[in-house]
Amino acid sequence: MSESAAKDTPEQAQFREHCRQWLADNHPGEPPVRLPQSPLEIMTTEQLDYLQAWQKAAYDAGLVGCDYPEEVGGGGRNDCQRVANAEMIRARTPFLPNVIGLGMAAPTVFYHGQEALKQRLLPRLFSGEDIWCQGFSEPGAGSDLASVQTFAEKKGDKWVINGHKVWTSLAHFAEWMILLLRTDKSHKYDGLSYFVVPIRSALGKGVTVRPLIKITGETGFNEVIFEDLEVDDSFRLDELGKGWQVAMTTLAHERGAGEKVTPRSGGMKSRSTHSSTSSSLIELARQCQRDGRPASEDALLRDRIIRQVIREEGLAQNQRRARVAALQDHPARLPLQNKLLSSEIAQDTGAIAMEVAGASASLYLGDDNAPAGGQWPMAYMNSYGMTIAAGTSEVQRNILGERVLGLAKSK
Amino acid sequence: MDMSQPDNFGFTEEAALLKESARKFLADNFPTEKLHALVADDPDPERMPGAHWDRELWQQMVELGWTCLAVPEAAGGVGMPVVAVAGLVEEVGRAAFPCPLLATLNATYALAACGSGGEAALAEIAGGTSASLAVTGQDGSWSVGDSAVKCADGRLIGSAWFVQDARKVERLLVSAQDEDGLGLYWVAVDAEGVDLRPDAIVDLTRDQAHVVFDNAPAQRVSGDAAAALGAAMPAIWSLLAADIAGAAEWQLQTTVEYVGTRQQFERPLGFFQAVKHPLVDVMVQIDQTRSLLYNAACACDTEPAAAARYAHMAKASASETAAFASGRSVQLHGGIGFTWECFVHLYFKRQKHSQMLWGDAAWHRARLADMLIGTAA
Ligand SMILES: Cc1cc2nc3c(=O)[nH]c(=O)nc-3n(C[C@H](O)[C@H](O)[C@H](O)COP(=O)(O)OP(=O)(O)OC[C@H]3O[C@@H](n4cnc5c(N)ncnc54)[C@H](O)[C@@H]3O)c2cc1C
């Protein structure tokens, strides 16, 4: 990873030591149940309980939200989240369940919310006690996000919301939603506004959450229907009609190109976890046979595996270079490549793993003979979630072509 | 990434200044029109090998000290980190400037790995002498353990192939079999018994030759050529990757400019995603190469044990970049891109040459596979 102790500030060095010590004594250990491959497929309360307990512990120890000010529940530190992330990943911890909250809602609320709102919402977001979800996409508004039709109408000092959101990850557990909607039907972009909405407390009272089943057979995302839900004006972020600008903060962070470093944990090696990295791929190739010899000895497969090794290293080095101003031509050029690259690398790694497994690639999670517990076919399928969600790869290429290369807009 | 590398690749303010001033110097003194006028005088596919270059401008570069940047301080040079030199080479690649800088730097890194035997030759380089490696046989094998040259009693016999910028340099560093094994020898190009035979190459921005030695007098600088070249190769691969990255950025920006101005179907071409998306992919590929090559160069400076691994990655990526950026730059220019008159062919040809030089992508990936997966039985 593009993170090293060598150049730590004194604050970072001391904090790193704290992280190491705490992690040495507080790894949560083997989960009691099979975990999904990412937080977006948490299906059961058993899974959620285990993961929420982990996030709460990490937060209480100061490893989550450490760069945010203390007034909003943060650690008040300077550029220390990347240190905590590196140490958590090095310690092979479980992932943090509140991904939408940490990665998208927190920076958005922080940069666009009123002080009282931040103080109320962010501590329980960081601790993971409140799970968050993101209500952006609709049946008629995907890549063309600004065409959302969910509408809020002003009634006195309240807003009344009606509409239909889809693909809403974690809505089935979420207390809160960040919600992009329309307050004016006559302007596409300037008619958008942005709210935070308590959905769990409104279930059956204006909010309906229905699970959708994914390509893998898992659940994790949902449709959310609003019928005359009343919310307070104090839940609005930024000014009326500024929803699109606020959404840009959310999307920049979602795509790894935001101001704030997202708290990240992971790397746990356990019977129930999986990582779609080239090193796992090499491991798989050593186990699988091809014409009576290990697949790892097949020249063509070796070449394809090594391509993935190189692309992974290239991505890590991009992230390192993104912090060296003298080695960049355009400030958005590297950050905007993050999401495109990481999702496509994972997808290609998954595809190669299927070929490496050969006939055994047909075996899924329920089959005892499946290589790596059948996780690779699942990972390969899940990778399409990554190239579709958060702006598809095609949309990412439009953005890079237009914002960085200055080519004419495709719409 | 290993923890011993500095976060900023060791790319200091001084390195940034060097890169910036090189870019300005070349943009001011050597615009692409000048390159084209200089090297593209003879389209005849059966033309005799040329070696067009601007000696005066080269002399200015030597005076700016660019050739002695990599020479260790102890030998009278500047001893700049490889990563800083890579920044300079990237700019030379962007200008596709025909000159023996890369050749001289390559020889420098090999000499620097020769211990005390290399000192006298390094001092010559520090004094402005140019040089090139002559360490490859006619089969074009990039393994550093082979040579078709023999040495006995200080005299070279045999031939070396694919010698880069041979007609622009004054010295050759030759690997040759002698009674002790494979040695490295320092030879003056104009010495008796050195017969330079220019190759008719596609690339107009370089020259290349095979060299026949017939009792040429030579000075042994190392008794273990494989070790010295092996130690130098990571820097050599990293620098060629830098040249490729610079040239590819020229290809990208030139093509972006073209598709921004050329209109078809009442739109600038860049509006169409079949044009836009491949250009984004070229950019992504260039950025992979750049990030990987700075990492490799930094490893040469601070983490030698990992340098070969990272430099294999850098050159494998660079070779892909060279091929991909070249193909797209011609294709997206349409008919004009297929002409001798349009500048893109200069870079296309330079990049195809660089793609294969010192090992193509598959060659580097095969070496990496041996390192990371283990050799196949
Ligand atoms: C696993 C997963 C989790 C998700 N979680 C959430 C969530 O929590 N909250 C949320 O709001 N949304 C979520 N989404 C929705 C996601 O953001 C959308 O699916 C995505 O933006 C694409 O929109 P769409 O599905 O309507 O596809 P469409 O926009 O209809 O696209 C269909 C195809 O057309 C292509 N296309 C569309 N427009 C263009 C164009 N201009 N140029 C070139 N190609 C184009 C697309 O790239 C795609 O290949 C999730 C999606 C997935 C898969």
Side-chain angles (χ1 to χ4, degrees), chain A residues 1-8 278-279 282 285-286 293-294 296-299 301-307 309-311 313-330 333-334 337 340-341 344 393-394 396-402 404-411, chain B residues 1-9 11-13 15-17 19-20 87 249 252-253 256 259-260 267-273 275-277 279-281 283-285 287-295 310 312-314 316-317 320 361-362 364-366 368-370 372-377:
Chain A
M1 274 309 294
S2 53
E3 207 284 334
S4 94
K7 281 286 173 73
D8 275 351
S278 60
S279 55
I282 292 172
R286 289 194 175 119
R293 280 172 38 203
S296 59
E297 295 183 7
D298 182 276
L301 289 178
R302 286 160 71 87
D303 188 70
R304 297 180 62 197
I305 292 169
I306 292 298
R307 275 174 198 269
V309 171
I310 296 173
R311 290 170 77 193
E313 188 65 38
L315 175 60
Q317 297 301 335
N318 267 0
Q319 289 164 355
R320 177 180 177 197
R321 178 157 69 91
R323 302 209 299 277
V324 185
L327 291 176
Q328 291 172 73
D329 307 324
H330 184 294
R333 182 164 159 168
L334 292 177
Q337 292 178 34
L340 177 69
L341 270 172
E344 293 194 343
S393 292
E394 290 74 22
Q396 301 300 324
R397 286 189 169 82
N398 285 345
I399 293 173
L400 279 160
E402 291 156 20
V404 178
L405 294 177
L407 298 170
K409 283 196 165 245
S410 291
K411 57 171 187 327
Chain B
M1 193 193 86
D2 191 280
M3 302 299 276
S4 66
Q5 283 202 25
D7 276 353
N8 69 351
F9 302 93
F11 197 80
T12 58
E13 214 165 296
L17 269 169
K19 188 171 195 292
E20 199 44 51
E249 188 68 26
L252 172 65
Q253 295 305 337
V256 162
V259 304
R267 308 265 197 187
L269 291 173
F271 164 87
F272 300 101
Q273 293 177 346
V275 172
K276 178 181 291 175
H277 289 191
L279 285 171
V280 167
D281 288 337
M283 171 172 76
V284 167
Q285 178 65 40
D287 280 318
Q288 291 263 301
T289 298
R290 282 187 73 190
S291 300
L292 287 165
L293 84 90
Y294 299 137
N295 175 53
Y310 289 139
H312 280 308
M313 293 186 190
S317 170
E320 300 276 0
H364 284 280
R365 287 197 296 264
L368 267 175
D370 290 347
L372 302 178
I373 308 178
T375 44

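Naming: A, B, ... by sequence-line order, numbering from 1 per chain.
The minimum heavy-atom distance linking A:Ser410 with B:Lys276 is given by the pair OG-NZ, 2.5 Å. Across all non-hydrogen atoms, the minimal contact from A:Val309 to B:Met313 is CG1-CE, 3.9 Å. Considering all non-hydrogen atoms of both residues, B:Gln288 and A:Gly314 come closest at NE2-C, 3.5 Å. Nearest heavy-atom pair, A:Leu407 versus B:Gly270, reported as atom, atom and distance to 0.1 Å: CB-O, 3.9 Å.
B:His364 has its side chain out of reach of A:Ile310: every pair of non-hydrogen atoms, C-beta onward, lies at least 4.5 Å apart. A:Ile306 has its side chain out of reach of B:His312: every pair of non-hydrogen atoms, C-beta onward, lies at least 4.5 Å apart. Contact check for B:Val284 versus A:Gln396: no side-chain heavy atoms found under the 4.5 Å cut-off. Using a 4.5 Å heavy-atom threshold, the side chains of B:Asn295 and A:Arg321 count as separate. With contacts defined as side-chain heavy-atom distances shorter than 4.5 Å, the pair A:Val404/B:Val280 does not qualify.
Contact annotation for A:Arg286: only side-chain heavy atoms (C-beta onward) come within less than 4.5 Å of a heavy atom of chain B. Contact of B:Glu13 with chain A is not made at all, since no heavy-atom distance falls under 4.5 Å. Interface residue B:Ala316: only side-chain heavy atoms are found under 4.5 Å from chain A. Heavy atoms closer than 4.5 Å to chain B are found in both the backbone and the side chain of A:Leu405. With a 4.5 angstrom heavy-atom cutoff, A:Asn398 touches chain B via backbone and side-chain atoms both. Neither the backbone nor the side chain of B:Glu20 comes within contact range of chain A; no heavy atoms are under 4.5 Å apart. For B:Leu252, the part lying under 4.5 angstrom from a heavy atom of chain A is the side chain only.
Per-residue heavy-atom pair counts under 4.5 Å with chain A were compared for B:Leu368, B:Asp287, B:Leu292, B:Val256, and the maximum is reached by B:Asp287.
Under the side-chain hydrogen bond (donor to acceptor under 3.5 Å, both in side chains) criterion, A:Arg397 pairs with A:Glu344, B:Asp281, not counting sequence neighbours. Shown here are the side-chain hydrogen bond (donor to acceptor under 3.5 Å, both in side chains) partners of B:Thr12, two or more places apart in sequence or in another chain: there are none.
Seen from the ring of B:Phe9, A:Arg320 counts as a face-on cation partner, given the 6.0 Å and 45° thresholds.
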